[in-house]
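Structure first, then comments.
Given the structure is predicted, the values throughout are model-derived calculations rather than measurements. We name chains A, B, ... by the order of the sequence lines, and we start the count at 1 in each one.
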There are 2 protein chains.
Amino acid sequence: MQRGTFQLMKTVNKKIILNKIRTSEPISRAQIAKETGLTPPTVSSIVKELVDEGLVKESKLGESSGGRKPTMLHINSDAFYVIGVDAGPEMVECVLTDLTGEIYQRTSSSLKGQLSNERFLSLLKENIYAILQLSKIELEKIIGIGIAMHGVVDVESGRSLIAPNLNLRDIPIKDELSKEFDLTIKVENDARAMALGESWFGGHGDVDSMVAVNIGHGVGAGVVINGKLYHGSHDMAGELGHMTIDLHGDVCMCGNRGCLQTFVNGDAIVKRMKEQYNDVEEITAKEIYERALQGEAACVQILGETGNIIGIGLTNLIHLINPSKIVLGGGVMKSEKFLMPTILETIQDRALTSKSKETAVMVTKLGDDATLLGAVSLLLVELFDPVS
Amino acid sequence: MQRGTFQLMKTVNKKIILNKIRTSEPISRAQIAKETGLTPPTVSSIVKELVDEGLVKESKLGESSGGRKPTMLHINSDAFYVIGVDAGPEMVECVLTDLTGEIYQRTSSSLKGQLSNERFLSLLKENIYAILQLSKIELEKIIGIGIAMHGVVDVESGRSLIAPNLNLRDIPIKDELSKEFDLTIKVENDARAMALGESWFGGHGDVDSMVAVNIGHGVGAGVVINGKLYHGSHDMAGELGHMTIDLHGDVCMCGNRGCLQTFVNGDAIVKRMKEQYNDVEEITAKEIYERALQGEAACVQILGETGNIIGIGLTNLIHLINPSKIVLGGGVMKSEKFLMPTILETIQDRALTSKSKETAVMVTKLGDDATLLGAVSLLLVELFDPVS
DNA sequence: TAACTTAATTAATGATTTGAAAGTTATTTA
DNA sequence: TAAATAACTTTCAAATCATTAATTAAGTTA
């Protein structure tokens, strides 16, 4: 229970100013005062603190509007650095970025072959050590390490409970890394990290609620409300992939029937292709996309159908979570060109009210590094802690 | 953007103390200080204000634990009153309650027959006037009027956009009542109001997130997060009834196929009964329940199947919103005895992780007045404004 | 060039509110 | 009855922002 103290007062104002600078840089002190309602002396004194701490810096003067030129303020992007890790099914990738998400160093290791928890953890550590050595940045300037881990993650304890594609369970990531590095460690599910990264780096402005959906081998999603990840009470919110949309559908790897991902992940697309055109030889989802690009009607049609079903899943999402924006990413969305028309059409068709039909649905603009940037954003959100 | 001011500090602490008293009454000043971390002088001075405002009152002394006896504090339940209105498909009900939800007056009017917006609004006004006259309570002691309206509601403007069962559209409830009464007016969808009422009066303690689901003519739900209604960005969050769970299901009144409510509302139960046992004469859902009570196997089986499908819907809810508690109510849930076993079984079966299988699922303990109390809670939440 | 504007800092004063320490009151216990 | 204990209150110090005003800076405009 956060009491009302002087400290609260101060930190609230400090965060308001810091976030104003972050979202509106370059901006002058006078402008901050005008927009936040704080008085110029208050703004001046807090900005001074921020400058002393190194988080904010002054730059060139701005344009005069009839008087003295304002001194413009910026986030001092290289004041601190963050380490982000994407621990996917096939490899570990690790980056070091500044506060704007600019990547300075990058390492990676393959996860192919048989792995133990210990081996996995030491691969993580080795990559982080390598990044630290390469960058030669003092530990004090690093805010922490964010880890986007595929599978089921317990956020509070920082454990990976189930990592299906590595065939591992119960990996105490946070505990082990804390022993090794004196830094804040955040562990999060990869789709959720990606969602946060999307809301942080995706240029979506001030959106009250957003869901980012990753469609690839599986279907995962993250829910961001007021700039913060919404976990639900068991870190399961947004588990879109195993939403039942067809009582009599195929059996999913989870044991249930008719999960969304049995219709729309890569394998499902291939399967549907083979079923409908039973003269089809071996083919991959990527090849279906490529053939669609070349105008092959069957492939175009299969992708269009896939878009329809994604649209049905998203409509369920709109009716339950009702975000103002949905961002789509992942391997399957590379076929955006053939998927989006039917996705949007289906939502128009099925959403109940005119306002909900207007939900913004779009493809991510962050490319392959979306998850890595998500891992990074886990720590940036802490630092900037948006006030709503 | 809420700045950090002395006022903020004060109101935060005041709300902490007020809510501590509300949830833990009777409680002494010393105990409040201990549990909130505020210092005794701070507690004393704020309690004094609350007593002066009439919201809190002192009662008998408590038991000594080796020193001066503590003075116990209570919410002064008759300091203020609230008017709650349930505008359902068939009638308008109106109550006046005190701060604990105790009902003091009650009126109602039938909505049968052809109605215009004007007639509907004057019925509302007449009921409210009647309540005011009966109770003889001064307007100053009434916090406001909460209205639980079936159908689609725009909360911000306080308009009923679509009232399907009355065949009305676009009723400016808040505007019209504001002209008539100098009171705060809150308009909310009935299922959502019910959800808030459930979390407020249902004795669930401090639950971080809760969904209340109403299964009757339709299926509606409300999402309560940290004691506050979560609306989503278009007042649609929790629109469970039109979640697609079967791509090839029957056509719903909304035009889509396979909506949850085409499987589990009253009509659906009757329809399934007729389909499976095609020698069945006219029957109502209520009769199916009664026959099940008398041991008729067919009816027991139909209700069991219904429970299964409700369970599938709730599992989708668990995976998307992931609340820590789900409370079920509405006419169909009167068959609780035959529904709950399969509901719980299905969730056990289908929920993905062991923690999510543990989601508490239960039937509401508030009876027929759940929606009315929900309407009342719309204003109580404002007054007590839970701090999280 | 003089007069006016706008930006930013500094300083003084005041208001609000919590916090810490000490004091008062009521009760139990030895 | 005195000492101890707990509940509550009073007093004063500290934190912090708002307000006001003065100062400096660096323009623009007449």
Taking OP1 and OP2 of [N], is either one under 4.0 Å from a side-chain nitrogen or oxygen of [X]?
X        : N       : answer
Lys69(A) : dG27(D) : yes
Arg68(B) : dT24(C) : no
Thr5(A)  : dG19(C) : no
Thr42(B) : dG19(C) : yes
Thr39(A) : dA18(D) : yes
Asn13(A) : dC17(D) : yes
Arg29(B) : dA6(D)  : no

Tell me: [atom1] of [X] to [atom2] of [N], nearest whole Å?
X        : N       : atom1 : atom2 : answer
Lys10(B) : dT16(D) : NZ    : P     : 19 Å
Gln7(A)  : dG19(C) : CD    : P     : 10 Å
Arg3(B)  : dT16(D) : CZ    : P     : 18 Å
Glu49(B) : dT9(D)  : CD    : P     : 14 Å
Glu58(B) : dC8(D)  : CD    : P     : 8 Å
Gln31(B) : dA6(D)  : CD    : P     : 13 Å
Met72(A) : dT6(C)  : CE    : P     : 16 Å
Lys34(A) : dT6(C)  : NZ    : P     : 8 Å

With a non-hydrogen cut-off below 4.0 angstrom, is [X] in contact with a base, only sugar-phosphate, or nothing?
X        : result
Ile46(B) : sugar-phosphate
Pro41(B) : base
Ser45(A) : nothing

Check whether the side chains of Asp208(A) and Ser324(A) place a donor and an acceptor atom closer than 3.5 Å, and report yes or no. yes

Nucleotide of [options] approaching [X] most closely (side-chain heavy atoms):
X        : options                  : value
Met9(B)  : dT18(C), dG27(D), dA7(C) : dT18(C)
Ala30(B) : dA7(C), dG19(C), dC8(D)  : dC8(D)
Phe6(B)  : dA15(C), dA7(C), dC8(D)  : dA15(C)

Which word best sums up how the rings of Trp200(A) and Phe384(A) line up, parallel for under 30°, tilted for 30 to 60°, or perpendicular for over 60°? tilted

From Leu73(B) CG over to Lys57(B) NZ, what is the distance, rounded to the nearest 0.5 angstrom? 11.5 Å

Would you say that Val153(A) contacts Arg192(A) through its side chain, given a criterion of any heavy-atom pair below 4.5 Å between the two side chains? no

Asp154(A) vs Lys355(B), side chain to side chain contact (heavy atoms under 4.5 Å, CB included): CA-CA, chis, key distance, verdict: CA-CA 10 Å; Asp154(A) 183 85; Lys355(B) 276 189 176 177; 3.1 Å; yes

Flag, side chain of Thr5(B) to backbone of Leu8(B), donor-acceptor distance under 3.5 Å: yes

